[in-house]
S.K.: 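Once you've had a glance at the structure underneath, I'll fire off some questions.
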Amino acid sequence: MDTKTKNIVVFFGSPHKDSYTAKLLNLFIKKKLDNSNYKINIIYAYNENIHACIDCKFCRDYDFCIFKDLDNINNLLIESDFIIIASPIYNASFPSPLKSILDRFQIYYYYFQKHRKSIFEKPKNLLLLLTQGSKNINYNPSIKSLIKPICNILNIKSFKMINVTNTDNK
Ligand SMILES: Cc1cc2nc3c(=O)[nH]c(=O)nc-3n(C[C@H](O)[C@H](O)[C@H](O)COP(=O)(O)O)c2cc1C
């Protein structure tokens with residue numbers, strides 16, 4: 001195994017830091033990433049107050065956004081090898097603070113179109129760690145189509161999903 005440090009960016013979508021999603025994430029980190037070869041940066045979507053994309057179209061002409069609040073995340077993403085999205089499912093999608101972050105990745109889409117290459121030269125792996133209240137509803141197909149454009153934009157080469165169901169019933 002490659003001994004070079006791998007950079008992991010976690011997008012944490014729950015408003016609760018000690019909830020089902022947090023437990024799932026912590027378990028994953030403990031069982032799978034518990035060694036020093038990983039540097040983990042956790043972005044708590046509810047703490048970031050990232051402005052929603054307003055479709056001003058500025059990024060179609062320029063390589064930056066009129067809002068500066070994504071710059072730190074941008075730098076982390078450029079260096080990242082793995083991305084984890086750890087989130088509850090809200091209305092068959094992601095909670096809005098997390099969705100705002102993902103929508104703002106549209107700037108990278110325009111960058112890609114203009115320059116014919118992604119700024120994310122490092123290919124990345126994506127893991128989705130999801131929790132949902134319901135027991136039997138299968139959100140996997142809708143989450144997959146939700147996440148597909150993001151995978152293209154961020155140069156994500158492999159994608160896996162773990163979904164814990166039935167949290168409404170503890
Ligand atoms: C606004 C809102 C919308 C939700 N929508 C869904 C849903 O569409 N499907 C579902 O199975 N659970 C839904 N849930 C339940 C959460 O996905 C579930 O409670 C989750 O495990 C919460 O994770 P957390 O405790 O880590 O925040 C919703 C919860 C909230 C608050």
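We count residues from 1, following the sequence as given. Just so you know, these numbers use all the heavy atoms, side chains as well, and skip hydrogens, waters and symmetry mates. Start at 1 and go down the list; that is how both ligands and their atoms are numbered. Note that this is a predicted model, so its numbers are computed, not measured.
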S.K.: Between E48 and Y44, is there a side-chain donor-acceptor contact under 3.5 Å, judged purely by atom types and distance?
M.R.: no
S.K.: Using a strict cut-off of under 4.0 Å between a residue heavy atom and any atom of ligand 1, list the qualifying protein residues by chain and number.
M.R.: S14, H16, S19, Y20, T21, P88, I89, Y90, N91, A92, T131, Q132, G133, S134, Y139, T167, D168
S.K.: In terms of the angle between their ring planes, are Y108 and F105 parallel, tilted or perpendicular, with boundaries placed at 30° and 60°?
M.R.: tilted
S.K.: Answer whether the closest heavy-atom distance between the side chains of I143 and N163 falls below 4.5 Å.
M.R.: no
S.K.: Are Y90 and L98 side-chain neighbours, meaning at least one heavy-atom pair lies under 4.5 Å?
M.R.: no
S.K.: If you count heavy atoms of other groups shown closer than 6.0 angstrom to CZ of F58, is the number above 12?
M.R.: yes
S.K.: Does any N or O in the side chain of N74 come within less than 3.5 Å of the main-chain N or O of L70, such that one atom is a donor and the other an acceptor?
M.R.: no
